[in-house]
There are 2 protein chains.
Amino acid sequence: MVPRGRPRDMEVDERVLRIAAALILERGYTGLSIDEVAEQAGVAKTTLYRRWPTKDHLAVAVVARLQADDEITDTGDIRADLVNYLEKIAAGLNRMRAAGHRQGPSAGAVGELVAAAARHEDIGRLTREQYAERNALALALIERARVRGELRADLDAEALFDQMAGALYYRVMITGAPVDRAYAERLVSSALEGNLTCH
Amino acid sequence: MVPRGRPRDMEVDERVLRIAAALILERGYTGLSIDEVAEQAGVAKTTLYRRWPTKDHLAVAVVARLQADDEITDTGDIRADLVNYLEKIAAGLNRMRAAGHRQGPSAGAVGELVAAAARHEDIGRLTREQYAERNALALALIERARVRGELRADLDAEALFDQMAGALYYRVMITGAPVDRAYAERLVSSALEGNLTCH
DNA sequence: CCAATTACGAAACTGTAGTTGCGCAATCCC
DNA sequence: GGGATTGCGCAACTACAGTTTCGTAATTGG
């Protein structure tokens, strides 16, 4: 399936994303102007809209680059593996949090991403798929720990991971509290050890 | 301190919020037009902007009405109290999720709220304060259960509540999975009972 | 009654997202 | 080479958020 017609200038994609990233980091989502990106990149607006149908799509493409690669490790110590994984997620969140706002603790680009997913069905579907993939990796990690007897046989893996990942997002987007390795350790401890009194 | 000058027409606030709510529920945030709200409400745009400085502020005011009152109960059974509280939060989230989007599972108005908090420092401060209040209530509930011996003496109350509330928001905003009473029960079970194998 | 103060409506204005039409350029298939 | 297809630049256009100006209305305090 060879593409027909004039091929796209791939250098444009790279240049535009770089310029848009600089603008978002400097002025936030609201300060990102399509006209200005086009001008600085030396291309027409139509060229931008051929690649990203809305400003949201462009912003999502930019912000997606800030997210961590989320490589998961399985050392056989579920506690350490979970802390490491959560820390990676937290690092991506902190990078996104820095973008989209100049001052103060805020959701920054994370919030814009969620809003974009809510506004555009295709972005929503895409992000849900990406998170489903990540979820599957984490659930598999938990399942392996369960099988080898490190975790309870009757655990609820989905609830367990939702709790830990959710707490990170909740703090970044809602309460504005910091997320770092120390907090990841607190989360894993609380989730694994439980909170009922010992009998 | 008697207010000077011509008093505001309070009926305008009510009428505008009602009309804006109808538009948001019908067409979503993007489909909400200040011009149209002003026209339908029979007021000038300047009258709207005197009350809500941006479209985001108006939308937040509308959506805030959808949130639950979050009354907390303390029956002495921490498990039941937490499930009830999480269910109330989930109900508010589901109401907000329905708004802001016509079809498909999506964050809806929740995402717009987070984005608005990220874009406007005053909205962000306000929502963080509201959530801090709610957090304080939940932490007090947990603390009372700890003191009466229902929960571990060395628990991390902040992590515990972040986990449960965060999981709800994570599902609504990120994965699009449903949140209901059954899920609230799974969350509380997982968080309270822990996930390590019993020794 | 009068001055200060605040609310309201109307209209024009700016900036930006997104669209459309057109002419030209680059590529593939025959 | 020639036609079909796709990318690109240019310019004009629409729609909407948000602002500004100005004239008028309603209220308080003196």
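What you see is a predicted model; the values in this text were computed from it and never measured.
- Among the nucleotides dC29(C), dG7(D), dT27(D), the one closest to any side-chain atom of Arg8(A) is dG7(D).
- Per the geometry, CG belonging to Asp35(A) stands 9 Å off C1' belonging to dG15(C), to the nearest Å.
- Looking at heavy atoms from C-beta onward, Asp122(B) lies in side-chain contact with His57(B) at the 4.5 angstrom threshold.
- One can place CZ of Arg119(B) at 14 Å from C1' of dT16(C), the figure rounded to the nearest angstrom.
- Looking at heavy-atom distances under 4.0 Å, Leu48(A) makes no contact with the nucleic acid at all.
- Contact annotation: Ser33(B) side-chain N/O to dA17(D) OP1/OP2 distance is under 4.0 Å.
- Closest approach to the Tyr49(B) side chain among dT19(D), dG29(D), dC8(D) is made by dT19(D) (side chain taken as heavy atoms from C-beta onward).
- Closest-nucleotide positions on DNA chain D for Gly5(B) and Ile34(B) were compared, and the one nearer the 5' end corresponds to Ile34(B).
- Of the charged side-chain nitrogens involved, none lies within less than 4.0 Å of a carboxylate oxygen, so that Glu39(A) and Lys45(A) do not count as a salt-bridged pair.
- With hydrogens and angles left out, the side-chain atoms of Arg119(B) and Thr54(B) include no donor and acceptor closer than 3.5 Å.
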What does the list of N/O pairs under 3.5 Å between the protein and nucleotides 9-13 of chain C look like, with a distance for each?
from	atom 1	to	atom 2	distance (Å)
dG9(C)	OP2	Ala44(B)	N	3.2
dG9(C)	OP2	Thr47(B)	OG1	2.7
dG9(C)	N7	Thr46(B)	OG1	3.1

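- Under the side-chain contact (heavy atoms from CB on, under 4.5 Å) rule, Arg146(B) has a single partner from Ile78(B), Leu155(B), Asp154(B), which is Leu155(B).
- When the C1' atom of dA17(D) is taken as reference, atom OH of Tyr29(A) falls 13 Å away, rounded to whole Å.
- Residue Leu58(B) is out of contact with every strand shown, counting any heavy-atom pair closer than 4.0 Å.
- Using a cutoff of 4.0 Å between basic side-chain nitrogens and carboxylate oxygens, Arg144(A) and Glu150(A) are not scored as salt-bridged.
- Between Arg97(A) and Glu112(A) there is no salt bridge, since no side-chain nitrogen of the basic residue lies less than 4.0 Å from a carboxylate oxygen of the acidic one.
- Of the candidate nucleotides dA26(D), dG18(D), dA26(C), dA26(D) has the atom nearest to the side chain of Arg6(B).
- Here the C1' atom of nucleotide dC8(D) and the CE atom of Met10(A) are 14 Å apart, to the nearest Å.
- The interatomic distance linking Asp13(B) (CG) with dC8(C) (C1') rounds to 13 Å, in whole Å.
- Thr75(B) and Asp81(B) form a side-chain donor-acceptor contact under 3.5 Å, judged by distance and modelled atom types alone.
- Checking the phosphate oxygens (OP1, OP2) of dC8(C), a side-chain nitrogen or oxygen of Arg51(B) falls inside 4.0 Å.
- When distances are taken from the side chain of Lys55(A) to each of dA17(C), dG18(D), dT5(D), the shortest belongs to dA17(C).
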